[in-house]
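This report refers to the structure that appears directly beneath it.
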There are 2 protein chains.
Amino acid sequence: MELAKTPEIKEPVYRWDEKAIKQIVRDMGLKVTQQRLTILECILRGRDHITAQELYEAVQAKDPNLGFATVYRFLKQLTEQEYVSEVRMGGLPARYEWARKKSHHDHLTCKQCGSICEFENQQIEDLQEAIAKSFGYILTSHVLELYGICPECQKEDGILPGTKNFS
Amino acid sequence: MELAKTPEIKEPVYRWDEKAIKQIVRDMGLKVTQQRLTILECILRGRDHITAQELYEAVQAKDPNLGFATVYRFLKQLTEQEYVSEVRMGGLPARYEWARKKSHHDHLTCKQCGSICEFENQQIEDLQEAIAKSFGYILTSHVLELYGICPECQKEDGILPGTKNFS
DNA sequence: TTATAATTGAGAACCATTATTATTTAGTTG
DNA sequence: CAACTAAATAATAATGGTTCTCAATTATAA
Ligand SMILES: [Mn+2]
Ligand SMILES: [Mn+2]
Ligand SMILES: [Zn+2]
Ligand SMILES: [Zn+2]
């Protein structure tokens, strides 16, 4: 199931205790509110590559009063300050991941079931730089998303299209 | 201004006369309607990397009755049958280009003014294949978009952020 | 020409995201 | 601790791109 040959350098979960989480919010120059702590907990301890909607649902479980806009607002701030990074695939809703526990990577997504592999490839990164330079551009960012059919879905001939486990 | 070191193999414009355009629609297995001819004319003779909205406006100039949904509908069919390809950048509106006059390419976009360079790089394509294979995936498609600052905008220190010429 | 299935235009619906605003609250200052 | 103020929140409306619905129209095959 978990075929992610990830290059992720995962910091252990206990790194993210109450105190550490509060410190993140302070470091961001924002007020420490229970809402922000709850949202951060869900991001740090929940699934990776989460959508705003999914995050909202996770957060709801802990605090049913926590509003919808608050999740989006805070997600935006986290993205701006590069605590999380936003992964956009086609016209689909954006997905978010904690950016500071992994090095830069791109994604390979199964079109059938949605499972995601992370990879990094310095050769491609270098080629991108070279291309930009050849046009006289200063490269500031890039999006590289690969789509395909994962080994699981190749086997089963893909009759489980609703599974969608964006791991 | 036009710095696009494009690899495009442009077929001359006169290739797209009335007859040829009608034939495209027939080849698609669709009925030949004046609306579809008008839309195709605008795609084939108009600017490249056009948005649905821009296309709609171009089409409006020729036929003010031609509806909005018709443009989207036909664009989708064209995309499905790979007559045009859809380029999505982040959360921005999709842009479309006639896919059958150029070979596959990716895009380098200026964040400031929006000008687009097209490039193809077989090395990157090969690496993508290799990555997918290494995870056991069958690669079906990919998105590679580079973003940066174009030479023009580097000069002028970028005080013309509204220019947006998605060439 | 007729029959019929495809196409159209208008507008409603949709969905992710952002903006607005009145109310509440965190953090500071005394 | 109490008072103050700027920041944050929840609810809700608005937005913008895109898709859907459906009654009316039209292209094509027989
Ligand atoms: Mn990732
Ligand atoms: Mn192009
Ligand atoms: Zn799969
Ligand atoms: Zn530029």
Side-chain angles (χ1 to χ4, degrees), chain A residues 18-19 21-40 42 49-60 62-81 84-96 164 166, chain B residues 18 21-40 42 49-81 84-96 164 166:
Chain A
E18 185 85 9
K19 194 175 293 182
I21 291 180
K22 277 186 181 163
Q23 193 53 48
I24 293 171
V25 183
R26 272 191 221 99
D27 290 347
M28 292 176 73
L30 301 173
K31 291 187 176 175
V32 175
T33 64
Q34 189 49 57
Q35 288 92 331
R36 284 173 175 158
L37 299 181
T38 303
I39 293 170
L40 269 181
C42 289
H49 305 122
I50 199 169
T51 64
Q53 183 60 42
E54 286 163 356
L55 180 55
Y56 172 64
E57 281 158 20
V59 147
Q60 279 288 94
K62 297 196 173 195
D63 176 359
N65 285 352
L66 205 163
F68 183 54
T70 305
V71 171
Y72 270 103
R73 238 183 335 236
F74 191 37
L75 263 182
K76 211 208 250 181
Q77 293 168 312
L78 284 163
T79 303
E80 280 162 6
Q81 304 205 21
V84 309
S85 60
E86 206 181 39
V87 187
R88 300 196 113 117
M89 329 215 190
L92 279 60
R95 292 181 175 274
Y96 299 87
K164 296 290 168 201
F166 294 89
Chain B
E18 185 84 9
I21 292 180
K22 276 188 183 164
Q23 193 54 48
I24 292 171
V25 183
R26 270 190 224 102
D27 291 346
M28 292 177 72
L30 300 173
K31 291 185 176 178
V32 175
T33 65
Q34 190 50 56
Q35 288 91 330
R36 284 172 175 158
L37 298 181
T38 303
I39 294 169
L40 268 180
C42 290
H49 305 124
I50 198 170
T51 63
Q53 183 59 43
E54 286 163 356
L55 180 56
Y56 172 65
E57 281 158 18
V59 148
Q60 278 287 94
K62 298 194 172 193
D63 177 358
N65 285 353
L66 205 163
F68 186 54
T70 306
V71 172
Y72 270 103
R73 237 180 337 231
F74 191 37
L75 264 182
K76 209 207 257 184
Q77 291 168 313
L78 285 163
T79 303
E80 281 162 5
Q81 303 205 21
V84 309
S85 60
E86 205 181 38
V87 187
R88 299 197 113 116
M89 329 217 190
L92 279 61
R95 293 182 174 274
Y96 299 86
K164 297 288 166 199
F166 295 88

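Proteins get letters first, then strands, A, B, ... in listed order; numbering begins at 1 in each.
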Contact nearer the 5' end of DNA chain C, comparing B:F68 with B:Q34: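 It is B:Q34 whose nearest nucleotide is closer to the 5' end.
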N/O donor-acceptor pair under 3.5 Å between B:R36 side chain and B:K31 backbone: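 Pair found, side chain donor or acceptor close to backbone of B:K31.
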Nearest-angstrom distance from the residue atom [atom1] of [X] to [atom2] of [N]:
X	N	atom1	atom2	result
B:L66	C:dG11	CG	P	15 Å
A:Y72	C:dT20	OH	P	18 Å
A:L92	C:dC14	CG	P	19 Å
B:R88	C:dA16	CZ	P	13 Å
B:N65	C:dG11	CG	C1'	16 Å

Going 5' to 3' along DNA chain D, which nucleotides are the first and last within contact of chain B (any atom under 4.0 Å from a heavy atom)?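 From 5' to 3', the first and last contacting nucleotides are D:dG17 to D:dT28.
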Looking at [atom1] of [X] and [atom2] of [Y], how far apart are the two atoms once the value is rounded to the nearest 0.5 Å?
X	Y	atom1	atom2	result
A:Y96	A:K76	OH	NZ	9.5 Å
A:Q60	A:L55	CD	CG	10.5 Å
B:Q77	B:I39	CD	CD1	9.5 Å
A:Q81	A:I24	CD	CD1	11.5 Å
A:L78	A:E86	CG	CD	11.5 Å

With side chains defined as the heavy atoms from C-beta onward, is the minimum distance between B:K62 and B:C42 less than 4.5 Å?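 Yes, close enough: below the 4.5 Å cut-off.
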Distance test, side-chain N/O of B:T70 to OP1/OP2 of C:dG9, below 4.0 Å: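 Yes, within the criterion.
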Reckon A:Q35 has a side-chain N or O less than 4.0 Å from the OP1 or OP2 of C:dA26?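 So the side chain of A:Q35 is outside the cut-off, no N or O lying under 4.0 Å from OP1 or OP2 of C:dA26.
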Mind running a 4.0 Å heavy-atom check of residues 26-33 of chain B against DNA chain C and sending the residues that fall below it, in number order?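 The answer is B:L30, B:K31, B:T33.
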Shortest non-hydrogen separation from B:V32 to B:V25 and the atoms involved: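 So the two residues come closest at CA-CG1, 4.0 Å.
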For B:V71 versus B:A52, what's the shortest heavy-atom pair and its separation?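 Answer, listing the atom of B:V71 first, then B:A52: CG1-O, 4.1 Å.
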Using the side-chain heavy atoms of A:P93, tell me which of these nucleotides is nearest: C:dA19, C:dG9, C:dA16.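 The closest nucleotide is C:dA16.
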Looking for any heavy atom pair under 4.0 Å, which part of the strands does A:R73 touch: base, sugar-phosphate only, or nothing?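 Since a base atom lies under 4.0 Å of A:R73, the category is base.
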